[in-house]
Structures are given as structure tokens and as C-alpha cells.
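Notes follow once the structure below has been shown.
For ligands, and for the atoms within them, numbers begin at 1 and follow the listed sequence.
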Amino acid sequence: MKTEMIVVDKCVDEENSYTQAVETLKSGEVVAFPTETVYGLGADATNFEAVSKIFEAKGRPADNPLIVHVDSKESALNYVQEVSPKALQCMDAFWPGALTLIMQAKPETFASNVTANLQTVGIRVPNHPVALKLLHEVKLPLAAPSANTSGKPSPTLANHVRHDMDGRIPLILDGGATEIGIESTVLDTTCEPPVILRPGKITKEQIESVIGTIRSSSGNKDNVPKSPGMKYMHYAPTAPLYLIEDEKSLIEKAIQYVQEKGKRVAVISEMDYPLADFNFPLSMESLYASLRECDFTDADLILAPVKSSDQDQDALMNRLEKAADHKWFS
Ligand code: TXA
Ligand code: MG
């Protein structure tokens, strides 16, 4: 299959590109599109065959459900039932935006592979002009996981999507770099109090300021993960990534130790280490691009300095820990 990439203007005045994307989606094919978090791999969420093409293109395990994207709260309410007052408050406060709400799905609404046969569904209204325009014109709910090969970092540029999906999907809408750079916060609103299943740009504190106390499932080891995606490998670069305490002399020692063994080191960090063979920036916006850049080097090992005490970096730490598979350099 040939993969076409079309640059779409964020001012959304290019009618023709949308017509092509809408027709492709309606014919049951997959289209990658930008959101404010990361690029999504979209298909008609009511069409089993179309959704199965997402799983195939990503190599995604079938028991990991997909997030459904809609253009408004009103659209979302067509697909869910027994919606809690807190979920409604979250919609009003955070949509469009980087918050996915897990709710009870109306039976027979979505293709069964969207929800991995669960009775719940994750829905969000993305805050990106291209995604909103596409959803508005296609008039369908779009199932859209991040547009990466399963296990790899999510794409924050259309080129990342092309790298992973070339020859696997017919169309990529290129809307430039995504603003936030990590995936949406996932909040389960089917329990009381609601639980954050995946931290993101929208923080626990921001949500609590709207609906009161909630729980956060990360770090709670007794809890069986309710978000099926959490048990899989994530965001992994090819070379092993190690977290290391953010202390200059310690990091320099680590770099030298590895280099003395004849190996090359990449560092993903807020500051550059001239000793390292490669340096890439560390922030929420740049993390995934940096992880992907490491794959284009011959680094044997990657170090990511983090402050183990840093609590306000919840979402970034969560992604780094997964990318490192919780390994610390010692
Ligand atoms: O920012 C985002 O959320 C991006 C963009 C494209 O919107 N999408 C995204 O989708 O990150 P995906 O499929 O890569 O991640 C979906 C996460 C997974 O961890 C999945 O297990 C969880 O949401 N999830 C989906 N439906 C769920 C459900 N019914 N119950 C619990 N967790 C669910
Ligand atoms: Mg993903």
C-alpha cells in the first residue's frame, strides 16, 4: 500500500484534504491525524473491519482497548450511559482537551474490538483544529490510538508516523508538531472516587479542583491495573534506557564508566553533557522525539537523569519509567 502524506493547514481552510480524509475513513480505511497530545491512528469506531486495520497496522494486542474521539460533549453523550455527574463536570471543564473519560458504553454502539469486549469505553474531544474539523466532517466517532508501532514512543511529528506506518496505511494528515507531546490523562469515572489510570498534562490537582478527591492508580501495587494498556511494554527505544539520579558528577562518572567498556552513550536531559556521545533534550514536549532520535544513533546505552523526588513531573516520570522499564543505572 502506498502511504500518502498531506500537509493540512491549522487554519483549516483546505477543504480538499479533508474531503479525501473523510472519504478514506468512510470507506473503512485508516487515517493518521494530529491531536494536541500525539498523532492518532483513526478509523470508524462503529466498523469492526476498519478498527481491525488499526490493530494490524500497529501490531497492537487485541485486549488493549482504543480511545474514541468525538467532536463534542453532545456527540459523546450519544454513545454512553449512566454517566456520572462528575464525568459531566469534567467534560465541561476540560473538553476539548487532553482528558479521556472512561464511561459505560451503550451496548451495540461501538465495534467490539474498540473496547476489547469491555462494557466501558474511553472517550475524548481532542483540542486540535485539524482533529476537530475532521471529526465534524466525518460525522462518525473515530477510534484512535497513538499512531506508533506498538511498544514504540508515540508520534509527535507526522514524520514519526510515516517512519512507523509507511506502506501500512493509506493517508497521514501532517499538522506539524503536536503541542503537548504525551498522551491524554485517562480518568475512570465508572468508580467512586474516580481513578487516574494514566497521568498526563491535565493533573490530579486540576481535576480535583473541579470534582473533589480522586485516586491515582500509578504506584498502587495492590491494585490490578484496570487500564489493559498498562501491562505492555511502552515507548521503548532500541538501546536500553536507564534512569539515573539527576546529579552532574554522578552522571559524568556513569558516562565514563560505560565508555571505558568501549560503548557509546546517549543522554536525554535538560542540560547537555559534553562527555556523552549524543545529547537529546528532555521535556514533556520533546521526550518522544528524543527517544526516537536515539534509534538513529549507534548509542549502546541511554541515560535519562531524573530527580527521584520530583512529584510535579508525574506524567513525564510515568513515561520515562515505562520507557526504561523501571531500570535505574547503578
Ligand atoms: O492522547 C491520547 O490519548 C492519544 C491521542 C491519539 O488521542 N491516544 C492514545 O491512545 O494514547 P492509546 O490507545 O495509545 O492509549 C489508550 C489507553 C490505553 O492505555 C488503554 O488501555 C486505555 O487507554 N483504555 C482505553 N479504553 C479503556 C477502558 N475502557 N478501560 C480502561 N482503560 C482503557
Ligand atoms: Mg499508545
[X]: numbered ligand 1 atoms lying under 4.0 Å from its heavy atoms:
| X | answer |
| --- | --- |
| Arg60 | 12 (P), 13 (O), 14 (O) |
| Gly40 | 6 (C) |
| His69 | 5 (C), 6 (C), 7 (O) |

Answer whether the closest heavy-atom distance between the side chains of [X] and [Y] falls below 4.5 Å.
| X | Y | result |
| --- | --- | --- |
| Pro96 | Pro126 | no |
| Leu134 | Val22 | yes |
| Cys294 | Phe280 | yes |

Ser150 backbone or side-chain N/O/S under 2.8 Å from the Mg ion (ligand 2): no
Polar contact flag for Tyr39 and ligand 1 (N/O pairs, less than 3.5 Å): no
Thr238 and its side chain to side chain contact (heavy atoms under 4.5 Å, CB included) partner, picked from Thr297, Ile302, Asp295: Asp295
Parallel, tilted or perpendicular: rings of His69 and Phe33 (30°, 60°): perpendicular
Under 3.5 Å: donor-acceptor pair, side chain of Arg292, backbone of Pro153: yes
Within 6.0 angstrom of Gln206 CD, more than 12 heavy atoms from elsewhere: yes
Within 6.0 Å of NZ in Lys201, more than 12 heavy atoms from elsewhere: no
Closest candidate by heavy atom, reference [atom], pool [options]:
| atom | options | result |
| --- | --- | --- |
| atom 33 (C) of ligand 1 | Ile182, Ile180, Ile54, Ile102 | Ile102 |
| atom 29 (N) of ligand 1 | Thr120, Asn148, Ile67 | Thr120 |
| atom 14 (O) of ligand 1 | Pro61, Ser150, Ala105, Ser146 | Ser146 |

Within-shell test, Ala144 vs ligand 1, heavy atom, strictly < 4.0 Å: yes
Full working for side-chain contact (heavy atoms from CB on, under 4.5 Å) between Val265 and Asp277: CA-CA 5 Å; Val265 185; Asp277 299 283; 4.1 Å; yes
Should the proximity of [X] to ligand 1, defined as any heavy atom under 4.0 Å, be assigned to the side chain, the backbone, both, or neither?
| X | result |
| --- | --- |
| Thr37 | side chain |
| Ser184 | both |
| Thr115 | neither |
| Asn64 | side chain |
| Lys58 | neither |

